[in-house]
Protein chains: 2
Amino acid sequence: MISPGIIEAVPTARERVRAEVTAEITAAARRQLAEVGAAALSLRAVAREVGMVSSAVYRYFPSRDDLLTRLILEGYDALGEAAEAADAPADPPRERWLAVCRAVRAWALAHPHEYALLYGSPVPGYSAPPDTVPAAARVGIALGGILRAAAFSGALPPGTGGRDPALVSDETAAVLGGDHPSIDDAVRVRALLAWSSLFGTISFELFGHLVGSVQDGDRYFDRAMTELAALLGL
Amino acid sequence: MISPGIIEAVPTARERVRAEVTAEITAAARRQLAEVGAAALSLRAVAREVGMVSSAVYRYFPSRDDLLTRLILEGYDALGEAAEAADAPADPPRERWLAVCRAVRAWALAHPHEYALLYGSPVPGYSAPPDTVPAAARVGIALGGILRAAAFSGALPPGTGGRDPALVSDETAAVLGGDHPSIDDAVRVRALLAWSSLFGTISFELFGHLVGSVQDGDRYFDRAMTELAALLGL
DNA sequence: CCCGTGTCAAGAGCAGTGCTCTCCATTGCG
DNA sequence: CGCAATGGAGAGCACTGCTCTTGACACGGG
């Protein structure tokens with residue numbers, strides 16, 4: 001404990017190999033997840049894939065749920081990155097909205113099991129660890145930025161200024177366009193609704209609830225998201 | 001096979017006791033489901049609860065998944081019944097819409113694990129048995145009936161008559177107001193979107209995605225569903 | 001240099017799971 | 001009345017998450 005800093009800046013060899021093994025485990029787990037889904041993901045199978053015995057994995061993750069939590073966090077980050085990458089801030093708000101929605105759907109279709117892990121039923125009795133919150137918020141923040149841009153470009157009609165923190169929290173209101181006068185609680189509720197509807201639409205498609213109702217998923221999604229854009233005034 | 005009819009109308013004693021035991025098993029399974037959720041539902045625990053050994057349960061359900069499928073079917077029926085019971089056809093469409101939405105949410109909040117089983121991630125690799133489809137459609141049919149009533153009362157503006165079975169299937173279009181001239185594919189897409197958004201909103205609330213954003217869930221839900229009603233023209 | 005300490009892989013083991021198989025008692029029907 | 005169908009009980013298999021103990025290894029201070 002004579003080390004100069006609280007946290008050693010340069011990692012020791014031990015720490016480096018530990019980080020490597022941890023990454024190897026999560027990579028194998030992500031492969032397993034993509035193949036068989038979260039429910040059937042077996043810690044022992046992951047251990048076999050990386051050539052370890054199951055008990056050794058517990059040196060890196062205290063439980064299977066912690067491994068899944070790690071995958072949830074990485075999933076949120078990957079999805080958020082895809083959404084942000086699809087957003088071209090120079091485009092008009094409606095195009096940006098559509099582009100981000102399409103990117104989210106594309107990611108979900110490409111990673112159905114990961115999407116189900118993020119937005120399906122919470123695995124145990126659900127308990128979102130606080131460190132997943134910022135990652136989970138990335139898509140919402142991207143969508144909020146679009147709304148904000150639309151407001152500051154003068155595309156939104158002036159609102160009545162309704163404000164109730166019990167309806168929409170201050171943190172969320174800050175993300176959803178902030179303090180622009182044309183954004184009131186009515187707009188914020190619509191924004192949260194549009195956000196929920198985006199994922200509701202994707203979940204319905206991915207979980208099979210639209211089978212028999214919608215055949216051309218691409219076109220249906222585009223038209224539905226266009227309706228949501230109109231609802232938001234984009 | 002000399003029995004007079006294809007199916008014996010009056011059940012034999014054997015059949016009666018078999019139906020009773022089956023009901024007892026599903027009742028215990030439903031209790032288990034409500035307590036620990038679908039993922040942790042153990043067929044052996046269900047067997048213990050009804051005082052049987054696990055292998056005996058397999059005389060009634062060929063696998064755990066079949067038991068869960070049974071619970072899914074009953075869940076859809078219970079939810080559909082709650083939705084239909086809340087619908088007062090004499091009320092104006094907007095009130096009917098709000099009443100049904102509130103009933104669906106109330107059922108979901110009262111039966112979170114059952115709701116998660118119905119609308120969360122599909123348990124195995126998902127496979128909706130065809131016999132669950134009619135039960136699953138009940139809420140959608142109730143909502144479609146409201147739209148139809150609104151159309152025939154002349155509350156909806158005339159549409160342009162767009163129609164593409166690849167976008168919205170004929171069966172679904174028939175449920176969504178049928179052949180009324182003011183209902184075209186644009187309205188149908190909005191109806192499917194509103195349907196998805198209803199469950200998307202409930203899922204977001206129930207699965208914790210609105211934690212930190214919405215505090216007064218009741219009021220937020222009412223306002224969001226009112227926005228959806230307006231989107232539908234109700 | 002060498003020895004103690006901390007890290008980690010490996011193995012055995014426990015309690016639980018879904019599911020299969022065999023054995024046997026009961027029951028209802030010809 | 002006897003025979004075949006029915007269904008319960010038990011053992012057993014392969015698998016799971018997780019714990020505990022054992023032993024090998026590397027690192028750093030004396």
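As the structure is a prediction and not an experimental result, all values here were calculated from the model. By convention in this document, chain letters (A, B, ...) are assigned in the order of the sequence lines, proteins followed by strands, and residues within each chain are numbered from 1.
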Non-neighbouring partners of A:R102 that pass salt bridge (charged side-chain N to carboxylate O under 4.0 Å, His left out), sequence neighbours left out: A:D222
Interatomic distance where CD belongs to A:E20 and P belongs to C:dC8 [whole Å]: 13 Å
Salt bridge (Lys or Arg N to Asp or Glu O under 4.0 Å) pairs, two or more places apart, involving residues 188-217 of chain A: A:R105-A:E205, A:D185-A:R188, A:R190-B:E227, A:D216-A:R219
Salt bridge (Lys or Arg N to Asp or Glu O under 4.0 Å) partners of residues 50-62 of chain B, not counting sequence neighbours, each pair once: none
Sugar-phosphate, base or nothing in reach of B:L41, heavy atoms under 4.0 Å: sugar-phosphate
Atom-pair distance (CG on B:D66; P on C:dG18), nearest Å: 13 Å
Summary of protein contacts for nucleotides 19-30 of chain C, nucleotide by nucleotide, where a base hit scores B, a sugar-phosphate-only hit scores S (4.0 Å, heavy atoms): BBB-----BS--
Those residues that, when tested against B:V100, pass side-chain contact (heavy atoms from CB on, under 4.5 Å) (two or more places apart): B:A83, B:D87, B:V104, B:L143, B:I146
Inter- and intrachain pairs under ring pair (Phe, Tyr, Trp, His ring centres under 6.0 Å), touching residues 53-86 of chain A, at least two apart: A:Y76-A:Y119
Nucleotide interval of DNA chain D bounded by contacts with chain B (heavy-atom cut-off, under 4.0 Å): D:dA5 to D:dG12
Salt bridge (charged side-chain N to carboxylate O under 4.0 Å, His left out) against B:E49, all qualifying residues, sequence neighbours excluded: B:R31
Sugar-phosphate only, base, or nothing, as touched by A:Y60 at under 4.0 Å among non-hydrogen atoms: sugar-phosphate
Sole candidate of B:L43, B:V46, B:T69 that passes side chain to side chain contact (heavy atoms under 4.5 Å, CB included) when paired with B:R64: B:L43
With A:S169 via side-chain contact (heavy atoms from CB on, under 4.5 Å) - residues at least two apart: A:E171, A:T172
